[in-house]
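Just the heavy atoms: all of them, side chains too, but no hydrogens, waters or symmetry mates, feed the values below. Please read these numbers as outputs of a predicted model, since none were measured by experiment. Throughout, residue positions are numbered sequentially from 1 according to the sequence presented. One-based numbering, in listed order, for ligands and for the atoms of each.
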Amino acid sequence: MLEVRGLTKIFGGLTAVKDLNFTLDAGEILSIIGPNGAGKSTCFKLIASFLTPTTGTVRFNGKDITGIGPHAVARHGIVRTFQENTSFQDMTVREAVLLGYQKDCKASLAGMIFRSPRARRDEREAGDYADHVLDMLGMTGLANTVSAALPHGMLRNLGIAVALAARPKLILLDEPFAGLNSDETKRGVELIRKIRDEGVTPILVEHDMTAVMSVSERIVVVSFGSKIAEGTPAEIQQNEKVIEAYLGAEDTEIGL
Ligand SMILES: Nc1ncnc2c1ncn2[C@@H]1O[C@H](COP(=O)(O)OP(=O)(O)OP(=O)(O)O)[C@@H](O)[C@H]1O
């Protein structure tokens, strides 16, 4: 589904991502981990086309999508969530999710204004789908809550809900467990499996090693921009290079 080849990003004199190669199959749960500053977020930005690589390619379902821009990438079915999303503060939860869905509507602008049958059908479908997504995220009871009033964990969920509302094929989750307590993390792990079971393939960048080891089917480890290991959680936990990379860093939490 996703093929990253020779991906490199140089900022001035600093190589943030260096000749990175990995592939991802549809339906697989992959995590990218690595010490602080290893290049994980940059890698996400390159895939989602928020940044253009210095060299290398990103292919999605056989098509070259390198550097085509975030909107074009979204049209191909790739969305990205952000660590802190404050864009829908004034909207209710349901309104924010409906906004995420909008780009998918088929009715013309005139159709929407004059409420054509097509526009009415779109509206109904959007409402049904928004309710489905909210149910999936355990947010049905919060549908009419103003986003600014949501607790931290639920604001995170809302970001995921808005991204899912666009009905992507691939969702890039940037630190979905950051700041969550252990119960919320357990629910987060279940949620990621649920997302995958709905046909949306998740990739995570994450520091919470307990969550990573529990949810991932495969892990790619980066250090100083380069891939140093790739394998199952069990393989990664025993990998010497990985242990060394984490021991040498301030962030020593690898869950060993
Ligand atoms: N726009 C930019 N301009 C210059 N340097 C940047 C830019 N974005 C990232 N970097 C640098 O590239 C390196 C990789 O950063 P990146 O944010 O990708 O790491 P990360 O693995 O996601 O880190 P963290 O886990 O702390 O979020 C860092 O040294 C960072 O300072």
Find out whether the Lys NZ or Arg CZ of Arg80 is both under 6.0 angstrom from the six-membered ring centre of Phe50 and within 45° of the ring's axis.
-> yes

To which of Cys43, Ser41, Ala178, Gly34 does the heavy atom nearest atom 27 (O) of ligand 1 belong?
-> Ser41

Can you figure out which of Ala16, Ala38, Gly37 has its heavy atom closest to atom 24 (P) of ligand 1?
-> Gly37

Have a look at ligand 1 and work out which part of Leu14, if any, has a heavy atom under 4.0 Å from it: side chain, backbone, both or neither.
-> side chain

So, do Ile65 and Ser49 sit near enough that their side-chain heavy atoms are less than 4.5 Å apart?
-> no

Is Val205 reachable from Phe224 through a run of I, L, V, M, F, W or Y residues, each pair having side-chain heavy atoms under 4.5 Å apart?
-> no

Roughly how far, to the nearest 0.5 Å, is OG1 of Thr145 from CE of Met154?
-> 10.0 Å

Contact check, His207 vs ligand 1, heavy-atom distance below 4.0 Å | yes

If you group Ile, Leu, Val, Met, Phe, Trp and Tyr by side-chain heavy-atom gaps below 4.5 Å, do Phe11 and Leu7 land in one group?
-> yes

Taking both backbone and side-chain atoms of Phe11, is any N or O found less than 3.5 Å from an N or O belonging to ligand 1?
-> no

